[in-house]
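Residue numbers start at 1 and run along the sequence shown.
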Amino acid sequence: MRKSYAVDASLRQLAAYVAVARSAGFTAAAADLRVSQSTLSRAVADLERVLGVRLLVRDTRNVQLTAAGVETLRVAEQIVDAHRSGMKELRRYLLGESGVVAMATLPSVAAVLLPGLISAFRRERPEVSVRIMDGLERAVLGRVLSGDADFAVTTVGAASDRLEHRPLLRDRFRAVLPEGHPLAERDELTWEDLAAAPFLAVGPESSVRRLTDAAFAQAGAGAGAVPAAEASNVATVGGLVAAGLGVSAMPALVLPLLGPGRVVHRELVAPVVERRLDVVFRARRTLPPATAAFLDLLEEARAEARDVPAGASWITR
């Protein structure tokens with residue numbers, strides 16, 4: 001009749017057996033594990049009892065493995081080594097040394113503000129990968145609410161009790177003009193000045209458009225709120241400006257994305273308009289350790305007022 005074995009050995013028993021089998025004795029194994037020989041002997045005896053087989057043949061000097069002991073050692077080593085490897089991986093994750101930082105952000109932030117920070121972060125934590133999901137404000141916040149992104153760096157939209165905000169950066173709007181435009185001769189322009197020329201806008205789904213429309217309304221220049229042309233991509237708008245089709249207004253972080261066209265930038269006042277960029281989290285969510293480490297680096301950059309493009313400034317608390 002075939003025997004039935006209830007194999008429910010504990011990790012402690014397996015580790016004890018592996019140490020004894022590798023050391024060919026209890027004395028050296030007990031020293032390696034920093035336990036008493038009696039504790040080690042009891043653990044191996046318990047394993048033999050659980051398995052229902054003899055694993056070791058003992059004499060006064062050392063031990064020898066039975067046939068069952070050889071096979072048990074092979075399996076036990078796999079289990080113990082896998083456990084140690086897994087625990088090392090878990091430790092690296094808990095220390096923020098491995099894992100994924102998933103962030104959602106506006107294209108200008110992704111391309112201009114974050115690359116230097118990500119590079120510094122990856123030098124310190126090369127086993128952490130960074131996933132950037134760039135898009136417009138609504139899509140970015142949707143990534144946070146859905147859990148696809150751990151956090152976002154984006155403009156402040158409609159208030160939501162599902163989101164928590166941490167102010168980060170102010171990004172001032174500047175006038176964008178084609179080279180040789182009459183207004184380019186001046187160092188400072190107003191929104192009324194821009195309204196008097198064909199205005200080229202980004203699409204209505206953009207937070208930039210929301211702010212330019214509000215600025216024209218505040219300046220009493222309603223004509224600017226009806227653009228001569230619009231495009232969803234800021235680089236396209238930059239190309240239109242460079243071609244001499246009109247003027248525009250963009251936040252400072254957006255300016256490097258306008259492309260290689262022949263455009264110039266000027267101070268823009270009456271009113272001075274800034275978009276506020278926040279770090280946004282889903283409320284009451286615990287962040288992964290690697291993400292928390294990246295945000296610590298971002299907070300360090302803000303606290304130390306590290307260099308940002310002209311027209312942008314950290315928000316001090």
Side-chain angles (χ1 to χ4, degrees), residues 1-103 118-133 146-151 282 284-297:
M1 183 175 181
R2 182 179 296 177
K3 289 185 178 181
S4 175
Y5 296 96
V7 183
D8 55 355
S10 70
L11 181 64
R12 181 185 65 83
Q13 293 167 350
L14 294 172
Y17 174 67
V18 168
V20 172
R22 286 176 174 174
S23 300
F26 284 84
T27 301
D32 288 342
L33 297 179
R34 298 182 180 180
V35 299
S36 67
Q37 291 189 47
S38 60
T39 297
L40 201 59
S41 179
R42 188 162 53 251
V44 173
D46 289 343
L47 179 62
E48 289 180 321
R49 185 166 53 255
V50 167
L51 298 178
V53 295
R54 187 89 175 269
L55 301 176
L56 302 173
V57 177
R58 302 166 175 82
D59 61 28
T60 56
R61 296 182 64 87
N62 54 28
V63 297
Q64 293 183 337
L65 275 60
T66 66
V70 171
E71 180 62 15
T72 300
L73 176 61
R74 182 186 69 81
V75 175
E77 284 179 326
Q78 292 177 354
I79 295 172
V80 171
D81 289 347
H83 176 264
R84 287 174 179 166
S85 176
M87 292 306 295
K88 286 180 181 178
E89 290 182 10
L90 178 59
R91 180 177 181 274
R92 287 197 298 271
Y93 173 84
L94 295 176
L95 291 174
E97 296 174 355
S98 67
V100 178
V101 177
M103 65 180 78
I118 293 172
S119 179
F121 181 74
R122 290 269 297 153
R123 284 195 297 270
E124 294 180 1
R125 301 169 189 265
E127 294 185 31
V128 178
S129 60
V130 177
R131 182 185 177 206
I132 301 174
M133 293 162 274
S146 69
D148 291 340
D150 301 323
F151 71 96
R282 195 170 65 188
R284 297 172 292 280
R285 180 184 181 185
T286 300
L287 295 173
T291 299
F294 181 83
L295 290 176
D296 285 343
L297 181 64

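The NE2 atom of His83 sits 9.5 Å away from atom CG of Leu90, with the distance rounded to the nearest 0.5 Å. Interatomic distance, CZ of Arg125 versus CG of Leu95, reported as 8.0 Å (0.5 Å rounding). Atoms CZ and CD, from Arg122 and Glu124 in turn, are 12.0 Å apart once rounded to the nearest 0.5 Å. Note that the NZ atom of Lys88 and the CD atom of Glu97 stand 13.0 Å from one another [nearest 0.5 Å]. To the nearest 0.5 angstrom, Leu14 atom CG is 5.0 Å from Ile79 atom CD1. Note: Ser38 OG to Phe26 CZ = 11.0 Å, rounded to the nearest 0.5 Å.
Within 6.0 Å of atom CD in Gln78, more than 12 heavy atoms from other residues, nucleotides or ligands are found, so the atom counts as buried in its surroundings. Residue Arg91 qualifies as open at atom CZ: its count of foreign heavy atoms under 6.0 Å is 12 or below.
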Before you tell me yes or no, could you show the steps for Val63 and Val20 under side-chain contact (heavy atoms from CB on, under 4.5 Å), namely the whole-Å CA-CA distance, both residues' side-chain angles and the distance that decides it to 0.1 Å?
CA-CA 8 Å; Val63 297; Val20 172; 4.1 Å; yes
Where do Asp46 and Tyr17 land on the side-chain contact (heavy atoms from CB on, under 4.5 Å) test, with the steps shown first?
CA-CA 10 Å; Asp46 289 343; Tyr17 174 67; over 6 Å; no
Test Thr66 against Leu56 for side-chain contact (heavy atoms from CB on, under 4.5 Å), laying out the working first.
CA-CA 6 Å; Thr66 66; Leu56 302 173; over 6 Å; no
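Using a 4.5 Å heavy-atom threshold, the side chains of Val44 and Arg58 count as touching. Counting heavy atoms from C-beta outward, Val100 and Val130 have side chains that stay 4.5 Å or more apart. You'll find the side chain of Thr39 stays beyond 4.5 Å of the side chain of Leu33, heavy atoms only.
For the residue pair Ser119 / Arg123, a side-chain donor-acceptor distance below 3.5 Å is found, with atom types taken as modelled.
Between Arg22 and Asp81, at least one side-chain N (NZ, or NE/NH1/NH2) sits under 4.0 Å from a carboxylate O, which counts as a salt bridge.
Residues Leu94 and Pro289 share a closest heavy-atom pair of O-CB, 3.5 Å. Taking each heavy atom of Val53 and Ala68 in turn, the nearest pair found is CG2-CB, 4.1 Å. Between Ala21 and Leu73 the shortest heavy-atom distance is CB-CD1, 3.8 Å.
With hydrogens and angles ignored, the 3.5 Å screen pairs a side-chain donor or acceptor of Ser98 with a backbone N or O of Tyr93. Between the Asp150 side chain and the Met103 main chain, no donor and acceptor come within less than 3.5 Å of each other. Under the 3.5 Å distance criterion, the side-chain polar atoms of Arg54 are left unmatched by any main-chain donor or acceptor of Glu48. When atom types are taken as modelled, the side chain of Ser41 and the backbone of Gln37 share no donor-acceptor pair closer than 3.5 angstrom. No donor-acceptor pair under 3.5 Å is formed between the side chain of Arg12 and the backbone N or O of Ala43.
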